[in-house]
Amino acid sequence: MTESIPTLRSDPNKFLRRTPIWFTWVRHWNFIIVTFILLLAYGIFLLPDPGADPTPAYYLNLFLFILFTLAWSANILAERDKRELFQGVVAFVMIGILCWLFYLYSGTEWDKLADQFFAWDRMTGYWGILWGGLKVSLMLAAFSGVFSILVGLIVAILRFYNHPTINIFLIAYIDVFRSMPMIVIMVVLFFALPYLGINLGSIMATIVALSLGYGAYASEAFRAGFEAVHTGQIEASRSLGISRWQTIRMIVLPQAIPIVIPTLTGIIISMFKDTAIAAVVAAPELLKRARELYTQSTSPTPLIAAAIIYLLVIIPMIRIVNMLEKRTKGAK
Amino acid sequence: MNTFDTKDVMIEVIDLHKYFKDLHVLKGINTKITRSEVVAVMGPSGGGKSTFLRCLNRLEEPSSGHIFVEGVDIMSPYIDINKVRTEIGMVFQSFNLFPHLTALQNIKLAPMNVRKISDEEATDRGYKLLDKVGLREKANVYPEQLSGGQQQRIAIARALAMQPQIMFFDEPTSALDPEMIGEVLEVMENMATEGMTMVVVSHEMGFIREAASRVLFLADGLLVEEGAPEEIFNNPQHNRTKDFLSKIL
């Protein structure tokens, strides 16, 4: 008899998942509970003493325990059918164990944390200076943001005309500024140009560097937005006798800008973060101020404070970008 | 016909060639389109019908040849092609309405910004055209809320708002559901009876029989055959035409 393709009737298990048998008991509650108890026992009795000599055995021991922890949680997190709440708890337990290991074994002097990193009493009179720095940072970002969007828009519009000669210059600009690290652009503008008699000053050098650097990125974002507008739109507009410039203004831009806004907002956020580079050219912005205070007070607390300020400013901005992205997706 | 009598010749095409890189799409087209004529352009796909039409208003730049619109060579560098295009309305297969504007705004845009007419006049003209295509109640609706047939009728109204001398239709019903084709063809037939000069790339046999005064049969970049619809449909001369008609009839 020839071998026929099994039907559901001849083979009722046709659609069953063929997994090795250990998969069924590895994912079983009993196994998970037993392995967790083993994990706890390992953690309590077998881990080396934090103060012990760091011999190879000491590291191997730690490594095995981390491996055990990861394997145990991966076993639960990989199962699609497990309840989400339980998986969340497991993820937290895993991260907790890893943090606890870091706390014990990293050799950090934790007792110094509070009076070094968070010595807020040493910050008296400093907050105003940091606030002044933040204002400079925000000012730098605002000016560079406006200019880079303008540069990007103009470059993108010029590229839309697709003139072969002009395109060469535009592409050269985009390539040069996208391939240079921002810190290099800034340092060249601030330290090298004065030798040619051009003294920009730290604030101007920063704004020019950020505008040109991020202008290149913004122009690419705009170009992507322009390309997302269907060619039929441009043809329809041109066939009505509407000029190329009017087509850009009345047809392409209104359709491209909603597409580009999330990307542009992302670019502005990156730019705000990059204003910290201006510390290198001695612009009196947040990081520069924080470093001055750090030397003055011989405490890292001002640096920590600056980091927290950056965090507090940027997290809401990132939330806004996500919201905008969702909205443009919803509109389509 | 007296070649110097250009009084009624709307478009004259002389030896029109078009290359896409190495691909020779149009291989020397010669034809004349007179006022109030409705010319249907037929032929197999890839035969150059759309390219031919798009070359006539330089939406596609011709590689060589001359195109005279009302006796003026539009290939001349002294010509402002935007001004030529205001005299030539164009309707596309995929409607290409501007999605960020309402139906009425779509219609008003070009007259206000190119012809520079006032807002009231444009609105007035817009409503008249909406009446003409039977969509007055859709004036303030955005294109995405309209059916294909309605979008195409708005697109026709948009082209007519410039009060063109000539209308081009590039497969206006190919992207439509069958039950919507009729409403668009009806508008086109009305325009033909009103004496509009029209060039229509289409395979709607009923419409061509009814409205067209001449059929151009384009295949492989050549104008294979031309003549009155009855002539072409009932008594095609070339094998290429016979072959094509036997497939679509």
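This one's a predicted model, so the numbers in the text were calculated from it and none came from an experiment. We name chains A, B, ... by the order of the sequence lines, and we start the count at 1 in each one.
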Q: Determine the option with the most heavy-atom pairs under 4.5 angstrom with chain A, choosing from B/V91, B/N113, B/T86.
A: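 That would be B/N113.
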
**Q.** Options B/I81, B/L97, B/N57, ranked by heavy-atom pairs under 4.5 Å with chain A, top entry
**A.**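 The option with the most such pairs is B/L97.
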
Check [X] against [Y] and note the closest heavy-atom contact, atom names and distance.
X: B/F92; Y: A/A236; value: CE1-CA, 3.5 Å
X: A/Q246; Y: B/V114; value: OE1-CG2, 4.3 Å
X: A/R238; Y: B/L59; value: CB-CD1, 4.2 Å
X: B/A110; Y: A/I242; value: CB-CD1, 4.0 Å
X: B/M162; Y: A/L240; value: CE-O, 3.4 Å

So what's closer than 4.5 Å to chain A heavy atoms on [X]: side chain, backbone, both or neither?
X: B/I88; answer: backbone
X: B/P111; answer: neither
X: B/R158; answer: both

(Q) At a 4.5 Å cut-off on heavy atoms, which part of A/E235 comes close to chain B: side chain, backbone, both, or neither? (A)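 Both the backbone and the side chain of A/E235 come within 4.5 Å of chain B.
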
Just wondering, more than 12 heavy atoms not from [X] lying within 6.0 Å of its [atom1]?
X: B/F68; atom1: CZ; result: yes
X: A/F169; atom1: CZ; result: no
X: B/H203; atom1: NE2; result: yes
X: B/M180; atom1: CE; result: yes

